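Everything quoted here is computed from the prediction, not taken from an experiment.
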Amino acid sequence: MSASFDDGKDASALRTIGEVSDALGIKQHVLRYWEQQFPMLKPLKRSGGRRYYRPEDVTLVETIDRLVNSEGYTLKGAKAAIREGKPQGRPPLAVQAGVAISVEQASGGDDIRRQLKSIRNRLAAALEA
């Protein structure tokens, strides 16, 4: 996802929290909470406490959103991944668990059902162990 600002401003312009919220579809209170949880997210604050996000802040917000809401990271895990500089190196959770079903494999309903039953049996065996 890339922020799309249709306001005629230069790409390097500062953005208010409302503009960032609207462009990325993230509520303002979530952005404020992320500022508390991610010390590297520090938008400029002007008189009256108004926040102004620089382009690098917007990019960081996009990364946090992707890690937390798309890739299944916890806030703590996302923070660690960003600190280590490897936020895009983690495979999806289903692949990590060895449960990936490709589109080619999923062409028939019976095949999917058989794979899901196999997964269920493996999970049941793991719980019993």
ask   = Among all residues two or more places apart in sequence or in another chain, which pass the side-chain contact (heavy atoms from CB on, under 4.5 Å) test with Glu56?
value = Arg54
query = In chain order, what residues pass the side-chain contact (heavy atoms from CB on, under 4.5 Å) check against Lys117, with sequence neighbours excluded?
reply = Arg113, Arg120
key: Ser21 side-chain N/O to Ile17 backbone N/O, donor-acceptor pair under 3.5 Å   = no
request  = Begin from the C-alpha positions of Leu60 and Ile82 and carry the test side chain to side chain contact (heavy atoms under 4.5 Å, CB included) through to its verdict.
outcome  = CA-CA 9 Å; Leu60 181 57; Ile82 291 169; 3.9 Å; yes
I want to check something: taking the side chain as every heavy atom from C-beta on, are [X] and [Y] in contact at a cut-off of under 4.5 Å?
X	Y	value
Val20	Ile26	no
Arg83	Lys79	yes
Asp65	Trp34	yes
Thr59	Tyr53	no

note = Correct closest heavy-atom pair for Ala13 and Pro55 would be O-CD, 4.2 Å
Identify all side-chain donor-acceptor contacts of residues 37-48 below 3.5 Å with residues at least two apart in sequence or on another chain.
none

query = With Arg50, which residues qualify under salt bridge (Lys or Arg N to Asp or Glu O under 4.0 Å), at least two apart?
reply = none
request  = Mind checking salt bridge (Lys or Arg N to Asp or Glu O under 4.0 Å) for Asp22 and listing every partner two or more places apart, or none if nothing turns up?
outcome  = none
task = With sequence neighbours excluded, give me every salt bridge (Lys or Arg N to Asp or Glu O under 4.0 Å) pair touching residues 8-21.
result = Asp7-Arg15, Lys9-Glu19
note = So CZ of Arg66 and CG of Asn69: to nearest 0.5 Å the spacing works out to 11.5 Å
